Amino acid sequence: MIITRLFLAALLTWGAVSCSFHRADIYYPTVAEADAADVAWGMAKRKPRGGPKQMFPQPRSSDMGGMTSAPAMMAPAQPAAAPAPVSAPVPPAPAVVAPASIR
């Protein structure tokens, strides 16, 4: 029983010590540090590829009906007309059913 408690205490102490001394900069170098290390190890220097490019399709003026001004393009559209109300169908008149004893 005491060995279990000692083992648990040692395990918790080791976990707390190892978490408190974690140095992220040792495991995850910056891009500049990684490039410097690559050159120091004899690898070729990386070529920059540029930043990310965001390409958005630009509408042609022929698609907009010849309109080219931005305010006219952004004008809100007119709301659609409400549909005509549908009347409920008229139910047929109920047939008179007389009991057989009255006939």
Side-chain angles (χ1 to χ4, degrees):
M1 185 71 164
I2 195 157
I3 294 175
T4 305
R5 287 184 183 173
L6 287 174
F7 178 73
L8 183 61
L11 185 65
L12 290 174
T13 303
W14 178 77
V17 168
S18 67
C19 290
S20 64
F21 293 112
H22 177 72
R23 300 235 356 229
D25 57 342
I26 293 173
Y27 300 109
Y28 307 110
T30 63
V31 174
E33 292 172 347
D35 289 343
D38 290 346
V39 172
W41 294 333
M43 298 172 66
K45 189 174 180 179
R46 292 189 312 158
K47 297 176 185 171
R49 297 181 182 158
K53 294 180 177 49
Q54 297 181 351
M55 301 293 244
F56 298 103
Q58 300 296 324
R60 296 185 304 251
S61 62
S62 62
D63 293 342
M64 295 187 291
M67 297 179 353
T68 56
S69 63
M73 186 174 70
M74 298 206 180
Q78 295 294 330
V86 178
S87 61
V90 178
V96 177
V97 179
S101 60
I102 297 180
R103 287 188 201 169

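Since the model is a prediction, treat every value here as computed from it, not as a measurement. We use all heavy atoms of the structure for the numbers below, so side chains are in, but hydrogens, waters and symmetry mates are not.
- Separation of atoms CG (L6) and OG1 (T13) is listed at 10.5 Å; rounding is to 0.5 Å.
- Put simply, the side chain of D35 does not reach to within 4.5 Å of the side chain of K45, judged on heavy atoms.
- Other residues, nucleotides and ligands place more than 12 heavy atoms under 6.0 Å from the CG atom of L8.
- D38 meets the salt bridge (charged side-chain N to carboxylate O under 4.0 Å, His left out) test with no other residue; sequence neighbours excluded.
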